[in-house]
Amino acid sequence: FQESPEPPGAPRVLFAGRLLRDKGVDTFIDAARILQARGTVVTFVLCGVPDPDSPSSVTADDIVLWVNEGLIEYLGRQTDMPGVLADSHIVTLPSRYGEGVPLILLEAAAAGKPIVTTDWPGCREVVEHEVTGLLTPPGDAEALADAITRLIQSPGLRVAYGKAARAKAVTEFADRRVFADVTKVYQQLLERGTSRGPC
């Protein structure tokens with residue numbers, strides 16, 4: 001994932017991941033409705049597929065309805081996430097799911113994109129409020145819409161947050177850093193086991 005200039009045209013707000021209500025798809029759609037009612041020029045982009053094994057999943061019918069309402073552009077499953085991110089202005093994950101550290105937030109940060117996500121475990125580990133992006137309360141579509149609007153109205157803020165997000169991704173979440181940290185933990189465990197002698 002590399003930084004790239006913002007694409008031309010109206011701002012594009014990306015949600016990418018499993019299409020679960022717990023991950024905030026419903027909040028994302030509600031925010032799209034709010035901004036549509038306000039007359040905001042923006043494209044909400046939904047990337048991913050429903051998960052029929054989850055009771056929290058949206059359905060194919062939901063997606064058709066949202067497309068027909070003019071609320072979203074639907075990309076379905078994508079394998080070129082660097083390309084999808086390069087074509088976006090803002091990335092959002094309004095999750096209230098039991099996240100670890102969401103991969104899409106790490107990818108967005110690595111791509112230098114400003115992020116709007118929830119003040120929720122896992123999400124707030126990636127996003128530092130007012131530094132790399134904005135945090136909103138889980139399930140609050142109005143707050144999500146307001147945060148997105150703030151970034152739409154301030155291209156300079158988007159760039160600043162994106163650069164800070166990229167720097168955080170490189171220093172705190174790069175593969176080499178994570179590998180070194182995990183190796184250190186294993187080394188400490190091995191040393192403890194050796195110092196105690198055989199079982």
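Positions are given from 1 along the sequence.
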Please determine if R96 and D26 form a salt bridge, counting it only when a charged side-chain N lies under 4.0 Å from a carboxylate O. yes
Closest approach of I34 and A145, non-hydrogen atoms and distance? CG2-CB, 3.7 Å
When you measure from the side chain of S154 to the backbone of L157, do you find a donor-acceptor pair of N or O atoms at a distance under 3.5 Å? yes
CZ/R12 to CD1/I152 distance, rounded to the nearest 0.5 angstrom? 12.5 Å
Do L14 and C47 come within less than 4.5 Å of each other through their side chains, counting heavy atoms only? yes
Just checking, any donor-acceptor pair under 3.5 angstrom between side chains of T59 and D62? yes
Is there a donor-acceptor pair closer than 3.5 Å between any side-chain N or O of T27 and the backbone N or O of A141? no
Return the CG to CG distance between L134 and L144, rounded to the nearest 0.5 Å. 10.0 Å
Do L106 and V91 land in one hydrophobic cluster if side-chain heavy atoms of ILVMFWY residues count as linked below 4.5 Å? yes
Nearest heavy-atom pair of L151 and R158: which atoms, and what distance? O-NH1, 2.7 Å
Is any side-chain heavy atom of P82 closer than 4.5 Å to one of Q2? no
If two hydrophobic side chains count as joined below 4.5 Å and joins carry through other members, does L93 share a cluster with V101? yes
Is there a side-chain contact between V116 and T136, using heavy atoms and a 4.5 Å cut-off? yes
Specify the closest pair of heavy atoms between K168 and V126, including all atoms of both residues, with the distance to one decimal. CE-O, 3.0 Å
Could you tell me whether the side chain of V13 reaches within less than 4.5 Å of the side chain of F28, counting heavy atoms only? yes
State the OH-CD1 distance between Y161 and I115, to the nearest 0.5 angstrom. 12.0 Å
If every non-hydrogen atom of P52 is compared with every non-hydrogen atom of P50, which pair is closest and at what distance? CD-O, 3.5 Å
Could you state the interatomic distance from CG (L105) to NZ (K113), rounded to the nearest 0.5 Å? 14.5 Å
Would a distance-only check, ignoring hydrogens and angles, find a side-chain to backbone donor-acceptor pair under 3.5 Å from Q153 to R150? no
Kindly state each residue pair satisfying salt bridge (Lys or Arg N to Asp or Glu O under 4.0 Å) with at least one member in residues 135-145, sequence neighbours excluded. R38-E142
Donor-acceptor contact present, side-chain T40 to main-chain V42, <3.5 Å: no
Would a 4.5 Å heavy-atom cut-off, applied to side chains only, mark F44 and L71 as touching? no
pair P138-S95: side-chain heavy atoms closer than 4.5 Å: no
Just do the side chain to side chain contact (heavy atoms under 4.5 Å, CB included) check on E69 and Q36 with the steps written out, would you? CA-CA 10 Å; E69 280 186 71; Q36 186 181 75; 5.5 Å; no
Report the distance from atom CZ of R77 to atom CG of L19, rounding to the nearest 0.5 Å. 9.5 Å
Let me check something: do V49 and V25 share a hydrophobic cluster, defined by ILVMFWY side-chain heavy atoms less than 4.5 Å apart, either directly or through other members? yes
Distance check, rounded to the nearest 0.5 Å: M81 atom CE versus F1 atom CZ? 6.5 Å
Flag yes if V67 and L75 sit in one hydrophobic cluster, no otherwise; membership is Ile, Leu, Val, Met, Phe, Trp, Tyr, and two members link when side-chain heavy atoms are under 4.5 Å apart. yes
What about L20 and Y74, same hydrophobic cluster or not, with Ile/Leu/Val/Met/Phe/Trp/Tyr joined at side-chain heavy-atom distances under 4.5 Å? no
Step by step, work out the side chain to side chain contact (heavy atoms under 4.5 Å, CB included) result for E73 and W66. CA-CA 9 Å; E73 176 182 315; W66 298 332; over 6 Å; no
Do F15 and K23 have side chains that approach each other closer than 4.5 Å (heavy atoms only, starting at C-beta)? yes
Would you say the side chains of R21 and S57 form a donor-acceptor pair under 3.5 Å? no
Sub-4.5 Å side-chain heavy-atom contact between W120 and L135: no
